[in-house]
Amino acid sequence: MDKNVPASPRSDEVEPFVKGLTWEEMRVGQRFKTARRTITETDLVNFVTWGGFTEPLFWESTHAAEGGYTGRLVPGALTYCVAEGLVLQTNVLHGTGLAFMAMELYVRQPVYVGDTIHAIVEVTESRAARSGERGVVTSRISVRNQRDEEVLTYVPVRLIRGSDFRDAAPHS
């Protein structure tokens, strides 16, 4: 080893690059926007196949058109899943999220293959849990398309670590 190169610090001496917010840091009224993602035909086919959504509405464009839809219709469940993925990609819950406890979900408008969605997250409640250094955080998530039209909303309730959270030691 080169004697001029300093020794690397131990893992417990370095703060994590990515760390989610604690429940105390999630204040009522706090808002943020996610990245955007375009829903593709591949997304639709993979999702309806994997999830068993064999409804003609999602497989047959003529069936959807007969129902008044103007494109390749995407299940609301797929829209939700992509939106939740976009929220998680912000790292707001990275290492601090403990449980997804409940949710209300409302489909507002159709989403089609080719639509680009993003989400706006607003914290609506943040309170201590009954025990421990954990909290319960409720938010309202507005999923919007490329025209900024609200296509889906959901209200998740999550259990989140508190300020006592420290990154766990690395696994060997």
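Side chains included, hydrogens not; waters and symmetry mates left out as well; all remaining heavy atoms used.
Taken from CD1 in Ile160 to CD in Glu133, the straight-line distance is 14.5 Å, to the nearest 0.5 Å. Rounding to the nearest 0.5 Å gives a distance of 10.5 Å between CG of Leu88 and OG1 of Thr34. With rounding to the nearest 0.5 Å, the separation of CG in Leu86 from SG in Cys81 is 11.5 Å. Distance check: Thr153 OG1 to Ile141 CD1 gives 10.0 Å after rounding to the nearest 0.5 Å.
Taking Phe100 as the reference, nothing meets the ring-ring contact (aromatic ring centres under 6.0 Å, His included) condition, with sequence neighbours excluded. In this structure, Arg27 has no salt bridge (Lys or Arg N to Asp or Glu O under 4.0 Å) partners at least two apart in sequence or on a different chain. Shown here are the salt bridge (Lys or Arg N to Asp or Glu O under 4.0 Å) partners of Arg108, two or more places apart in sequence or in another chain: Glu150. Under the salt bridge (Lys or Arg N to Asp or Glu O under 4.0 Å) criterion, Glu104 pairs with no residue, sequence neighbours left out. For Thr38, the side-chain hydrogen bond (donor to acceptor under 3.5 Å, both in side chains) test picks out Thr116, with sequence neighbours left out. For Arg72, the side-chain hydrogen bond (donor to acceptor under 3.5 Å, both in side chains) partners at least two apart in sequence or on another chain are Glu41. For Asn46, there are no side-chain hydrogen bond (donor to acceptor under 3.5 Å, both in side chains) partners, not counting sequence neighbours. Remark: Glu84 pairs with Arg158 by the salt bridge (Lys or Arg N to Asp or Glu O under 4.0 Å) rule, at least two apart or across chains. In this structure, Glu66 has no side-chain hydrogen bond (donor to acceptor under 3.5 Å, both in side chains) partners at least two apart in sequence or on a different chain. Contacts of Tyr80 classified as ring-ring contact (aromatic ring centres under 6.0 Å, His included), with partners at least two apart in sequence or in another chain: Tyr154.
No side-chain heavy atom of Asn145 sits less than 4.5 Å from a side-chain heavy atom of Val111. By the 4.5 Å heavy-atom criterion applied to side chains, Val155 and Ser139 are not counted as neighbours. Between Phe47 and Phe58 there is no side-chain heavy-atom pair separated by less than 4.5 Å. Here the side chains of Val143 and Thr79 are in contact, with some heavy-atom distance below 4.5 Å.
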Item to check | Worked verdict on Trp59 versus Leu44 for side-chain contact (heavy atoms from CB on, under 4.5 Å) | outcome: CA-CA 9 Å; Trp59 280 118; Leu44 173 63; over 6 Å; no

Next on the checklist: Determine whether Leu21 and Gln30 satisfy the following criterion, side-chain contact (heavy atoms from CB on, under 4.5 Å), listing intermediate values before the conclusion.
Outcome noted: CA-CA 12 Å; Leu21 298 178; Gln30 178 180 17; 3.7 Å; yes

Checklist entry - Would Tyr106 and Leu152 satisfy side-chain contact (heavy atoms from CB on, under 4.5 Å), going step by step from the backbone distance to the final call? => result CA-CA 6 Å; Tyr106 305 93; Leu152 185 139; over 6 Å; no

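No side-chain donor-acceptor contact under 3.5 Å links Glu60 and Thr62.
Residue Val28 is not grouped with residue Val92 when hydrophobic side chains (ILVMFWY) are merged at heavy-atom distances under 4.5 angstrom, including chains of intermediate members. Hydrophobic clustering of Ile, Leu, Val, Met, Phe, Trp and Tyr side chains at less than 4.5 Å, counting indirect connections, unites Trp50 with Leu57.
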Side-chain donor-acceptor pairs of residues 117-129 under 3.5 Å, sequence neighbours excluded:
{"unit_1": "His118", "atom_1": "ND1", "unit_2": "Arg36", "atom_2": "NH1", "d": "3.0"}
{"unit_1": "Thr124", "atom_1": "OG1", "unit_2": "Thr138", "atom_2": "O", "d": "3.2"}
{"unit_1": "Glu125", "atom_1": "OE2", "unit_2": "Arg127", "atom_2": "NE", "d": "3.2"}
{"unit_1": "Ser126", "atom_1": "OG", "unit_2": "Trp23", "atom_2": "O", "d": "2.8"}
{"unit_1": "Ser126", "atom_1": "OG", "unit_2": "Met26", "atom_2": "O", "d": "2.9"}

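Taking a 6.0 Å sphere around CZ of Arg130, one finds it holds 12 or fewer heavy atoms contributed by other residues, nucleotides or ligands.
Annotation for Val113 and Val74: closest pair N-CG2, 3.6 Å, computed over non-hydrogen atoms.
When hydrophobic residues (I, L, V, M, F, W, Y) are linked wherever their side-chain heavy atoms come within less than 4.5 Å, the members clustered with Val157 are Leu98, Met101, Val136, Leu159.
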